[in-house]
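These numbers come from the heavy atoms of this one structure, side chains and all, not from hydrogens, waters or symmetry mates. Keep in mind that what you see is a predicted model, and the values were worked out from it rather than measured.
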Amino acid sequence: MSDSGSEKAVIRLQVNGRELEGVAEPRRLLSDFIRHDLGMTGTHVGCEHGVCGACTILLDGDAVRSCLMFAVQAEGSVITTIEGLGQTRDDMDVIQRAFWESHGLQCGFCTPGMVLATKDLLERTPMPTDDQIREGLAGNMCRCTGYVFIVKAVKAAAEELNARASVDG
């Protein structure tokens, strides 16, 4: 029991390939659970209304706004946060590298959400048009750029992933 009298729940998840668990009140937002309880601060919290996309994660492979879910709703799920992709310049994910090389980021606050939304988009639409990219990322706001370089980064990532797929298969 917490001091406020509400019961806490044990939450078991697979996060970035690791089995993790934590304890949280039923009303704890998934974004707060990821950041504060699991220590993965790459999941950013902006608007807390699901509008900005900064808290985007992959939940069972789909891009979701973690500020719109309670942690208990994610029990048993597989989650990927930005920490589940590359952590250094040498091990960057293809999408992270494309954002870096194409200047698809500035302050970096929106970048984790943009990268994960891009990952989801490219898994569903391997060679998206500019319009499909803009539509696929429409729920992610960036206050620093005009999105031109973000679209360029997504296209570069798509080209690289498709080139790798052609070689591999």
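- Hydrophobic cluster of Leu13: the remaining members, joined at side-chain heavy-atom separations below 4.5 Å, are Ile11, Val15, Leu20, Leu29, Leu30, Phe33, Ile34, Leu38, Met40, Ile57, Leu59, Val64, Met69, Phe70, Val72, Ile79, listed by chain and number.
- Within the structure, no pair that satisfies the salt bridge (Lys or Arg N to Asp or Glu O under 4.0 Å) test touches residues 74-89, not counting sequence neighbours.
- Cys67 and Ser31 make their closest contact through CA-OG, 3.5 Å (heavy atoms, listed as atom of the first residue, atom of the second, distance).
- In this structure, Thr81 OG1 and Asn16 CG are separated by 3.5 Å, a value rounded to the nearest 0.5 Å.
- The salt bridge (Lys or Arg N to Asp or Glu O under 4.0 Å) analysis of residues 55-67, with sequence neighbours excluded, yields no pairs.
- Legend: side-chain hydrogen bond (donor to acceptor under 3.5 Å, both in side chains) pairs involving residues 91-119, not counting sequence neighbours, sorted by first then second residue: Thr88-Asp91.
- Closest approach of Ala156 and Ala98 over heavy atoms only: CB-CB, 4.2 Å.
- Under the side chain to side chain contact (heavy atoms under 4.5 Å, CB included) criterion, Val23 pairs with Lys8, Val10, not counting sequence neighbours.
- Distance check, rounded to the nearest 0.5 Å: SG of Cys110 to OH of Tyr147 gives 7.0 Å.
- The minimum heavy-atom distance between Asp120 and Gly61, with the atom names listed, is OD1-O, 3.5 Å.
- For the atom pair Leu58 CG and Ile82 CD1, the distance stands at 9.0 Å (nearest 0.5 Å).
- Within the model, atoms OG1 of Thr56 and CE of Met114 stand 9.0 Å from one another, a figure rounded to the nearest 0.5 Å.
- Qualifying side-chain hydrogen bond (donor to acceptor under 3.5 Å, both in side chains) partners for Gln14, counting only residues two or more places apart in sequence or in other chains: Glu19.
- For the atom pair CG (Leu161) and CD1 (Ile95), the distance works out to 6.0 Å, reported to the nearest 0.5 Å.
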Under 3.5 Å, which donor-acceptor pairs link side chains of residues 43-54 to any protein atom two or more places apart or in another chain?
unit_1, atom_1, unit_2, atom_2, d
His44, ND1, Phe109, O, 2.7

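- Closest non-hydrogen pair, Ala158 versus Pro126, comes out as CB-O, 3.4 Å.
- Under the salt bridge (Lys or Arg N to Asp or Glu O under 4.0 Å) criterion, Arg28 pairs with Asp37, not counting sequence neighbours.
- Atom CG of Leu122 and atom CD of Glu160 lie 12.0 Å apart (nearest 0.5 Å).
- Residues satisfying the side-chain hydrogen bond (donor to acceptor under 3.5 Å, both in side chains) criterion with Asp32, sequence neighbours excluded, are absent altogether.
- Phe149 and Ile133 sit in two unconnected hydrophobic clusters of ILVMFWY residues. Membership requires side-chain heavy atoms under 4.5 Å apart, directly or through other members.
- Residues passing the side-chain hydrogen bond (donor to acceptor under 3.5 Å, both in side chains) test with Asn162: none are found, sequence neighbours excluded.
- Within the structure, every pair that satisfies the salt bridge (Lys or Arg N to Asp or Glu O under 4.0 Å) test and touches residues 129-141, not counting sequence neighbours, is listed here: Asp130-Lys155.
- Listed by chain and residue number, Gln132 satisfy the side-chain hydrogen bond (donor to acceptor under 3.5 Å, both in side chains) test with Thr129 (two or more places apart in sequence, or in another chain).
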